[in-house]
Colleague: 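Below is one structure. I have some questions about it.
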Amino acid sequence: MELRLYDTLTKEKRGFTPIDPSNVRMYVCGPTVYDFAHIGNARPVIVFDVLFRLLRHLYGADHVTYVRNITDVDDKINDRAARDFPGLPLNEAIRKVTEKTADQFQADVAALGCLPPTHQPRATEFVLPRADGRTDMVTLIKQLIARGHAYEAGGEVLFDVRSMPDYGALSGRKLDEQKAGARVAVDAHKRNPADFVLWKLSSENEPGWESPWGRGRPGWHIECSAMSAAYLGGPDGKDVFDIHGGGLDLIFPHHENEIAQSRCAHGTPAMANTWMHNGFLQVEGEKMSKSLGNFFTIRQLLDKWPGDVLRLQMLMTSYREPLDWTDTRAMQANLELEDWAHVVFPYFGKDRYKPSNDYSPLSIIKTLADDLDTPNAITKLRELYQRAKRGGSSEKIEFAACCEFFGFQNLDKPGLFQFGTSGIGTGSGRLLFDNADRVQSLRAAYANSAPPQIISAITAEIESTGVKVEIGQDSTITLVLGSRDLIDTKINRLVAERAEARARKDFKESDRIRDELAAMGVVLKDGKDADGKPVTTWEIAR
Ligand code: AMP
Ligand code: ZN
């Protein structure tokens with residue numbers, strides 16, 4: 001099967017041929033860890049997770065190396081550390097900020113169903129030469145100076161863009177245009193206004209590393225050139241690798257400058273063979289911004305929705321298109337997953353999909369192989385759902401395998417996607433209404449494997465309104481008003497009284513009892529037993 005990917009550099013969709021099929025190599029720019037990641041940051045993580053899964057399927061799970069870095073050196077981090085931990089020495093404060101934020105990020109993306117990348121290097125560990133000899137930033141910068149591509153000036157080491165004749169090829173910006181259009185005042189120490197920082201000196205209260213150019217810290221772009229070479233550049237760190245990805249805001253200057261650094265330091269014609277960029281996410285039709293009040297962290301959304309909902313919603317739009325995040329669409333994705341879960345739950349989560357299985361979710365893979373066409377793959381998934389709904393276990397297993405391939409996690413628990421609140425007992429209506437948001441959070445907490453203390457806190461909040469929380473087998477949540485035993489006894493008694501009323505054709509009384517049970521949150525199902533005798537069963541209204 002041919003995998004075709006759109007390449008930003010050549011601006012065309014091309015057949016993908018790995019340099020080494022036994023080790024397909026992909027690098028994606030990861031988060032800068034100074035605060036909770038927002039829902040826009042989740043987009044590249046999910047998109048490239050789908051690509052990672054696809055590559056693992058096509059080339060074998062052990063034949064793909066996926067590197068996503070963690071940027072833990074950045075001026076935004078320093079500011080945050082000084083603000084949040086003013087009493088601590090800066091390095092310690094920085095570590096506190098970055099470790100906490102990086103852990104939050106890992107928990108967030110795990111709840112979104114993303115596999116951990118093969119390597120997640122942290123920038124701070126790649127600044128100075130390393131004991132294991134993997135590429136580091138200081139050595140790369142030295143190489144750039146030695147090869148005539150970088151120079152020291154005004155307390156900085158700068159990349160000399162003029163030294164690279166085809167600088168600007170990725171973004172299509174010409175150096176002359178940049179000069180003419182440059183709005184920023186030309187820094188006097190730069191040979192060219194487009195020259196960018198590889199190293200800058202640090203003041204005493206900024207983090208710094210001793211280097212040949214004084215105590216300082218790296219520029220942002222060199223971090224990714226070093227970390228990609230460290231894990232994907234082969235024994236000498238100079239190899240070209242297969243795929244480089246990130247959001248399209250990174251095309252310029254970040255990726256343009258990564259290319260310049262890596263190619264010039266290694267003397268190669270390319271840094272990566274395919275450049276992929278996801279489109280931007282906006283919220284309710286507007287650019288996400290704190291001032292507009294439409295800024296959401298992944299965590300805030302995970303407090304409300306199972307990660308599967310966010311994942312499905314994200315993949316309904318083609319990765320290169322802009323994506324409009326709306327609450328209505330989250331609701332729709334949730335409803336769709338609930339339907340799927342009701343059909344697939346007995347079959348899901350049993351490792352139906354494994355890249356090594358004979359069985360493969362072929363129609364979905366084929367669609368995804370066309371430049372990650374997730375919207376059409378979801379259309380295929382819907383067709384498989386329809387077949388599974390009507391079909392037998394083999395259709396259901398096929399659907400389960402496809403859902404697992406997509407990275408959904410909770411389809412064995414339909415109750416976690418159920419909408420609305422169910423209760424049982426006398427007078428539960430008001431309590432259901434009052435607890436609706438909390439019950440939704442509780443479902444999300446279970447779905448997203450929230451820590452036990454969070455789950456107990458939400459439960460305690462609900463129970464403080466005078467109900468008990470009951471978790472059913474398929475993770476349905478029921479609010480119980482009163483003792484469950486007494487309620488069950490009462491229901492059984494009413495059901496029996498209603499049967500008697502029906503037997504003596506007192507339909508007024510039997511209807512009254514039905515209404516009384518409905519008010520307790522109970523629905524009745526009248527049927528016949530094997531001998532044709534009428535029987536009534538009951539269940540909790542959902
Ligand atoms: P940052 O931490 O800002 O460097 O961003 C991390 C990743 O998220 C990069 O790949 C960005 O391109 C991507 N990103 C940031 N904001 C958005 C957005 N609103 N929509 C899609 N991707 C985004
Ligand atoms: Zn990067």
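Reckoned from all heavy atoms, side chains included, excluding hydrogens, waters and symmetry mates. In each ligand, atom 1 is the first atom listed, and ligand 1 is the first ligand listed.
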Colleague: Please identify which atoms of ligand 1 are closer than 4.0 Å to at least one heavy atom of L281.
Modeller: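 In order of number, 18 (C), 19 (N), 20 (N), 21 (C).
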
Colleague: Go through ligand 1 atom by atom and flag the ones less than 4.0 Å from a non-hydrogen atom of P44.
Modeller: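 It comes down to these atoms of ligand 1: 7 (C), 8 (O), 10 (O), 13 (C), 22 (N).
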
Colleague: Would H38 count as a contact residue for ligand 1, given that I'm defining contact as a non-hydrogen atom of the residue lying under 4.0 Å from a ligand atom?
Modeller: yes

Colleague: Any nitrogen or oxygen of G279 lying under 3.5 Å from a nitrogen or oxygen in ligand 1? Just yes or no.
Modeller: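 No.
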
Colleague: Answer yes or no for C29: is there an N/O/S atom below the 2.8 Å cut-off from the Zn ion (ligand 2)?
Modeller: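 Coordinating: yes.
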
Colleague: Hey, does L248 come in under 3.5 Å of ligand 1, counting only N/O atoms on both sides?
Modeller: no

Colleague: Please assess V283 against F295 for the test side-chain contact (heavy atoms from CB on, under 4.5 Å), listing each intermediate value before the final yes or no.
Modeller: CA-CA 8 Å; V283 173; F295 182 95; over 6 Å; no

Colleague: Looking at D108 and R299, does any basic side-chain N land under 4.0 Å from a carboxylate oxygen?
Modeller: yes

Colleague: Can you tell me the N, O or S atom of E258 that's nearest the Zn ion (ligand 2)?
Modeller: OE2

Colleague: Just distances here: any N/O of W220 and N/O of ligand 1 closer than 3.5 Å?
Modeller: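 So ligand 1 has no N or O lying under 3.5 Å from an N or O of W220.
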
Colleague: Return yes when atom CG of D437 has more than 12 non-hydrogen atoms of other residues, nucleotides or ligands closer than 6.0 Å, and no otherwise.
Modeller: no

Colleague: Give me the residue, atom name and distance of the protein heavy atom closest to atom 12 (O) of ligand 1.
Modeller: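 So the nearest neighbour among protein heavy atoms is D249 OD1, 2.3 Å.
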
Colleague: Heavy-atom count around K238 NZ within 6.0 Å, excluding the residue itself: above 12?
Modeller: yes

Colleague: Do H38 and F296 have ring centres separated by under 6.0 Å?
Modeller: no

Colleague: Taking 4.0 angstrom as the limit and counting only heavy atoms of N278, give me the atoms of ligand 1 inside it, by number and element.
Modeller: 21 (C), 22 (N)

Colleague: Do R320 and Y6 meet the cation-pi criteria used here (NZ or CZ under 6.0 Å from the six-membered ring centre, within 45° of the axis)?
Modeller: yes

Colleague: Looking just at side-chain N and O atoms, do D72 and Y34 make a donor-acceptor pair shorter than 3.5 Å?
Modeller: no

Colleague: Below 3.5 Å, N or O to N or O, backbone or side chain included: is there any such pair between R43 and ligand 1?
Modeller: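 No.
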
Colleague: Report yes if G247 has an N/O atom closer than 3.5 Å to an N/O atom of ligand 1; otherwise report no.
Modeller: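 Yes, G247 has an N/O under 3.5 Å of an N/O on ligand 1.
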
Colleague: Does C224 bring an N, O or S atom to under 2.8 Å of the Zn ion (ligand 2)?
Modeller: yes

Colleague: Tell me whether D49 is salt-bridged to R68, with the criterion being a basic N under 4.0 Å from an acidic carboxylate O.
Modeller: no

Colleague: Going by the closest heavy atom to atom 3 (O) of ligand 1, which one wins out of V33, T32, N41?
Modeller: N41

Colleague: Kindly identify the option in C29, G40, P31 whose heavy atom sits closest to atom 21 (C) of ligand 1.
Modeller: G40

Colleague: Does the ring centre of H277 sit less than 6.0 Å away from the ring centre of H255?
Modeller: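 Here the rings of H277 and H255 have centres that are less than 6.0 Å from each other.
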
